[in-house]
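To start, the structure itself, in C-alpha cells.
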Amino acid sequence: MDEPTLRKTVFDTLRRIAPEVTPADLEPAVPLRDQVDLDSMDWLNFLIALHDKLGVDIPESDYQKLVTLDDVMGYLKARCG
Amino acid sequence: MIEFRLPSLGAEMEDGTLLEWCVKPGDRVKKGDVVAVVDTSKSAIDVEIWQEGTVDELVLKPGDKVPVGTVMIRLREAGEAGAPAATKPAAAPTPAATAPARPAVAAARTPTAAPPAPEAVIPVASAGGRQRASPSARALAHELDIDLATVAGTGPHGVITREDVEKVAAARKATTAAPGSMATTKPDGVKSSGPGSAGQARAATPVERSLSMRSAIAAAMARSKREIPHYYLATEVPMQRITRWLAARNAGKPITERVLMAAPLIKAVALALRKFPELNGYYQNGGFVAGEGIHIGVAISLRQGGLIAPAIRDVADTDLDELMRRLANLVSRARALSLRSSEMTDATITVTNLGDQGVELVQGVIYPPQVALVGFGKVTDRVRAVDDGAIAVMPAVTVSLAADHRASDGHRGALFLAEIARLLQSPESLDGAADTIVK
C-alpha cells in the first residue's frame, strides 16, 4: 500500500471515531491523544479498525510505540509492505 | 386491558417525544420487547415494555411530546377480547389518563410492580364518590396529605393499596425536584412537538440535543446536591500486580479480545458490593431500598458534550471477557445514541473512570436515586513505602467513593474501598463468573 492510501485509511479510521477531526490540523509529531480527545476505549477501537482494514496485528506491548501520527504511519508502513 | 405508560428513563426526565412505533395493533408483546423509540433530552431510546399481551391500541402518534406517565399503548391480556367500540377510550388521553400525580417515576423504577390490573387505573380517578382504599393506604395518604382521588389503585377491583400511595409520594417528590414536570402539565397532556412539525417525528438536532442534555444534567445534579448529604472518601491502591497480570492475559490474544483495565475495575466494584449492600440501591420514599442485583451504571462521556450512564446488569456474575464485550458494546451504542430503556433505569450504582483525562482523584456527584458513586483516576507511577521500610516506584490508582449519608456511614464506606483495594491485589479473582470466585 502506498503512503497516501495508507494515510487516507488512517485518517478515515480516526474520523469514524472522532468525526470532528480535521486531518490538516493534526500535528504529525505531537502525541495524537493530546490533540484528539480519545479515551482508552476510543484508542482500542481505532487500533481494532486499523487491524480490520489493514490486517496488521498490533500486540499490546507495541501500544507504547504508537504515540504520534508519525509513529502510527511508520509502524503500519513497516508492516503493510 | 393493560396500559403501558411512558416510563421515566432517568431522574431528570420529564417528557419524551415519540419518534416511531416498533409494534402495531394485533402484535403480541412480552416483557423486554422494544415497542417504541422515544426521544428524551439525552438520547433516542428504545423503549422496552414490561408487560405481556396483545397490542390493542397505540394511543400516541409519532411526533407527540408527552409527560412521563402518559398512556402509550393499551394491551389486551391473554384471553381478553378487544375492547367494545362503545367503551373504547378516545385516542387522545382523557384527563383521567394523565392525572397529575401518576406514580410514573416509581413504576418505571420497579417495572415488575407495574399493575397488571385491568380497569384499575381510570375508574378510580374518575369516580366521583368515595375512593376504595385499604385502611393502611388511607392512613398513609392522610399522613402525607395526598388526595386519594389522585391515586391510581392497583389492588383487586381497583382498590388503592399502600404501595400505590407510596408511588404517588415518590412521584410527587421527583416532581418537586424537577420544576415544571408532571404536576404542572395541563390535563390535556399531549403537546405537539412544535410549530411546523405537527405529526412529524424527528430526533433532536445536535444543538438541541446538547442544550437539552445540559439542562437534564443540571436538573439531576442540582437535585443530587440539594437532597443528598454526600460524604467522600478516597484511597490509593497499588496496581502493579493487576497491571502485569492484565498485560500477560492480553499478550496471547488478538486485539479484538483484549481487555481494558476498566473491566476489572468495574468487576472489583461489583464483587465488593456483595459485602456492602447498603451502597447498592436507591434512596426512595424516605428510606433505602437495596438493589435487586448489582447493575453498574458506567459514566460515558459523549463526543458532542454531556454524559450518560447506562447500566451493565449483573456485573458480579459476569466473567471478564464477557464484561469487556458488554462494556465496548455499551460505549459504542451510547455514543451512537442507541440505548435501551432498561439500560437507562437499571443502574444500582455508578462507576466513573476519569483516568483517561489524566486526573488522579474523582469527587463524584451521586446520580439520584442511587446512593453511591465510585470514581477511578489515572493509573500513574507513584513513590510508595513498601514492607521492609524501603521505598519503591509502582503504578497506583486513587479510588474514591461519594456516598449518601442517609443510606450508609463513612466507616462502612471505608471498608468498602478497602475491599476494592484487596480484590485488585488478587486479579485472578476478578476473572471468572461469580461461582468460581474465591471469596
Side-chain angles (χ1 to χ4, degrees), chain A residues 1 6 9-23 25-27 30-69 71-80, chain B residues 206 210 243-266 298-308 310 312 323-337 351-359 376-379 381 395 397:
Chain A
M1 184 179 286
L6 186 62
T9 304
V10 171
F11 282 139
D12 287 351
T13 307
L14 188 59
R15 289 195 58 160
R16 238 182 48 198
I17 291 156
E20 75 279 8
V21 167
T22 312
D25 293 346
L26 292 177
E27 301 271 356
V30 173
L32 195 54
R33 289 175 66 177
D34 290 353
Q35 303 182 72
V36 184
D37 181 11
L38 299 174
D39 64 18
S40 49
M41 188 70 81
D42 292 327
W43 185 249
L44 180 63
N45 285 334
F46 176 57
L47 297 183
I48 287 176
L50 289 175
H51 164 83
D52 289 347
K53 283 185 186 167
L54 303 170
V56 174
D57 195 37
I58 309 171
E60 197 179 52
S61 52
D62 282 355
Y63 287 6
Q64 58 198 15
K65 298 179 191 163
L66 304 172
V67 177
T68 67
L69 205 53
D71 294 339
V72 174
M73 287 297 298
Y75 186 92
L76 294 175
K77 224 167 118 184
R79 284 158 183 80
C80 290
Chain B
S210 173
T243 303
R244 285 182 186 160
W245 175 82
L246 193 60
R249 192 182 187 281
N250 282 340
K253 304 210 170 178
I255 191 166
T256 48
E257 292 173 24
R258 288 175 207 156
V259 168
L260 292 174
M261 186 59 82
L265 293 178
I266 291 168
V298 181
I300 298 170
S301 64
L302 302 179
R303 200 152 272 289
Q304 62 274 29
L307 84 164
I308 203 158
I312 302 179
L323 184 57
M324 180 63 202
R325 277 191 289 275
R326 289 205 219 160
L327 181 64
N329 178 276
L330 195 66
V331 172
S332 67
R333 284 188 299 112
R335 294 200 167 138
L337 300 177
V351 171
T352 183
N353 185 349
L354 291 175
D356 281 324
Q357 280 70 38
V359 297
F376 289 98
K378 184 181 176 68
V379 179
D381 283 339
V397 71

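Values reported hereafter were calculated over all heavy atoms of this structure, with side chains retained and with hydrogens, waters and symmetry mates removed. To find a chain, count down the sequence lines: A is the first, B the second, and so on, and within it residues start at 1.
- Interface remark: A:Ser40 contributes backbone and side-chain atoms alike to the contact with chain B (heavy atom separation under 4.5 Å).
- Between B:Leu260 and A:Trp43, the closest side-chain pair of non-hydrogen atoms is not below 4.5 Å.
- Contact tally against chain B (heavy-atom pairs below 4.5 Å) for A:Pro19, A:Ser61, A:Ala18: the top residue is A:Ala18.
- Closest approach of B:Val259 to A:Glu60, counting heavy atoms only: O-OE2, 4.5 Å.
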- Task: Could you please spell out the steps behind the side chain to side chain contact (heavy atoms under 4.5 Å, CB included) verdict for A:Asp42 and B:Val331?
- Result: CA-CA 9 Å; A:Asp42 292 327; B:Val331 172; 5.6 Å; no
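- Considering CZ of B:Arg258 and CD1 of A:Ile48, their distance stands at 8.5 Å, rounded to 0.5 Å.
- For A:Asp37, the parts sitting under 4.5 Å from any heavy atom of chain B are the backbone and the side chain alike.
- Here the rule is side chain to side chain contact (heavy atoms under 4.5 Å, CB included) with A:Met41, and of B:Ile300, B:Leu330, B:Asn353, B:Leu327 only B:Leu327 fits it.
- Side-chain contact between B:Arg335 and A:Ile17 is absent, with no heavy atoms from C-beta onward closer than 4.5 Å.
- Enclosure of atom CZ in B:Arg303 by more than 12 non-hydrogen atoms of other residues, nucleotides or ligands within 6.0 angstrom is indicated.
- Chain B forms more heavy-atom pairs under 4.5 Å with one residue of A:Asp57, A:Leu47, A:Leu44 than with any other, namely A:Leu44.
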